[in-house]
Amino acid sequence: MTHKILAQASGNSEVKSGEIIEARIDLCFAHDAATQMLRELFYQEFGDNAKVWEPSRIALFQDHMVPAKDVATRHFAKAVEQFSKEQGIEKTFLYGHDYGVCHTVICERGLALPGKMIIGNDSHSTTYGAFNAFGCGVGIVDILNAFYTGELWFQVPEIIEIRIDGPIRPNIMAKDVILHILGDLGVAGASGKTIEFTGSTIDNMDIEERMTLCNMTIEAGATNAIMALSDRVAAYLKTKTSEQFEPVSTDPKFEYVNRLHYPAEKFEPMVALPHSPDNVYSISEIKQKHIAVNQIYVGSCTGGKLIDIQIVAQELAGKQIAEGVTLMIIPATMRVYRELLRSGIIETLMDAGAVLESPGCKACDGVHSGILGDEEVCLSTTNRNFKGRMGNPKSSVYLASPYIAAKSALAGFITD
């Protein structure tokens with residue numbers, strides 16, 4: 001699948017692993033954490049009157065630095081507004097009534113389409129593989145050149161197949177699956193490679209759960225992740241866009257560099273311990289340790305989607321979170337937030353003692369809204385738990401599914 005997309009984007013009949021190609025980009029985006037520098041470099045390198053190659057294929061987001069916590073972060077956000085106006089970029093999502101975390105917005109707007117090349121200045125751009133697209137995070141110099149030329153070079157990756165077959169047991173989420181896989185691969189186990197998910201489990205998986213799997217493949221170093229287009233995803237996309245798309249599939253005789261096969265019924269709830277996403281253990285091992293938590297954080301492109309928050313609400317309904325625990329809920333987008341409001345889920349969460357914040361990346365990357373104190377412990381549905389990731393190197397972050405997050409909020413320690 002990945003090789004076919006790269007061949008199509010580079011005008012070749014086929015490509016081979018290790019080959020360097022120049023590919024045409026279908027969608028390129030940047031967010032507020034980088035746009036101020038990007039804007040300055042764009043005019044510095046290409047001239048005061050320089051224009052982006054095609055405004056309709058570029059998107060800008062305010063998501064990492066909103067709402068502004070100080071003057072500096074407000075300047076980051078303003079750079080998005082300025083560059084958008086100067087370049088006529090219509091796909092600009094500003095802090096307000098219909099914005100959110102870049103990856104989730106791109107998916108819920110039907111901007112990630114099968115066979116398309118998508119890059120952004122955020123590593124979790126691997127998410128778009130859930131829609132049979134090529135999604136890759138790149139550095140600011142690459143974004144700069146792609147904004148101006150519409151193209152970027154790539155080294156064609158080798159492909160790792162991860163096949164999962166059968167029904168998943170109740171209360172097991174995609175977060176458990178990807179944490180288990182990260183434990184097997186390690187944080188560098190897929191560096192420079194593609195992870196291709198196959199199998200009946202993947203074909204039948206909820207769209208947002210597919211997003212979670214692809215999203216966190218970057219934690220194994222993957223260049224991108226990809227899945228075949230399922231009937232459910234195809235039907236979803238037809239409600240989101242009138243644009244025509246052509247899915248890609250892998251030929252039966254394609255030779256993978258590595259193949260891992262998992263029966264879905266073997267997966268169990270997993271927890272990643274500090275300070276790495278691959279430092280994983282089963283919940284049966286962890287709950288015996290009675291690890292007390294100060295904060296439960298449900299949010300981000302990984303764990304702030306509608307299904308994630310619905311699961312938390314189901315477990316909290318009619319109950320109270322443990323004394324001394326702060327439960328933060330951060331919807332990934334305003335569209336998610338509105339659905340929580342319409343469905344009554346917000347009231348359920350607040351009655352249980354949760355605090356709801358406006359959408360944004362926030363404490364996931366240590367910016368604000370949920371920063372931890374010294375020696376505090378947070379159980380998070382986000383994607384990374386590196387030392388200092390949530391703003392304080394003297395704190396500890398554990399990763400788990402929304403289901404485990406809800407159960408732990410009620411108990412006051414990490415448990416199922």
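None of these values were measured; they are calculated from a predicted model.
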Identified side-chain contact (heavy atoms from CB on, under 4.5 Å) partner of I181 from the options D184, L179, V177: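 Only one option passes, and that is V177.
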
Nearest-0.5 Å distance, CD1 of residue I291 to CG of residue L379: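 Here the rounded value is 9.5 Å.
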
Residues that R384 engages under salt bridge (charged side-chain N to carboxylate O under 4.0 Å, His left out), provided they are two or more places apart: E219

Residues forming a salt bridge (charged side-chain N to carboxylate O under 4.0 Å, His left out) with E315, sequence neighbours excluded: K407

Count the heavy atoms of every other residue, nucleotide or ligand shown that sit under 6.0 Å from [atom1] of [X], and state whether that count exceeds 12.
X    : atom1 : result
D231 : CG    : no
Y281 : OH    : no
E246 : CD    : no
K78  : NZ    : no
Q82  : CD    : yes

Taking the ring of [Y] and the ring of [X], is the distance between their centroids below 6.0 Å?
X    : Y    : answer
F147 : F46  : no
H290 : F413 : yes
Y99  : F61  : no
Y297 : Y398 : no

Plane angle bin for F83 and Y43 - parallel if under 30°, tilted between 30 and 60°, otherwise perpendicular: perpendicular

Matching residue for H31 among H64, H103, H124 - test: ring-ring contact (aromatic ring centres under 6.0 Å, His included):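 When ring-ring contact (aromatic ring centres under 6.0 Å, His included) is applied between H31 and each of H64, H103, H124, only H64 qualifies.
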
Worked verdict on R232 versus E208 for salt bridge (charged side-chain N to carboxylate O under 4.0 Å, His left out): CA-CA 11 Å; R232 187 183 299 186; E208 291 185 339; over 6 Å; no

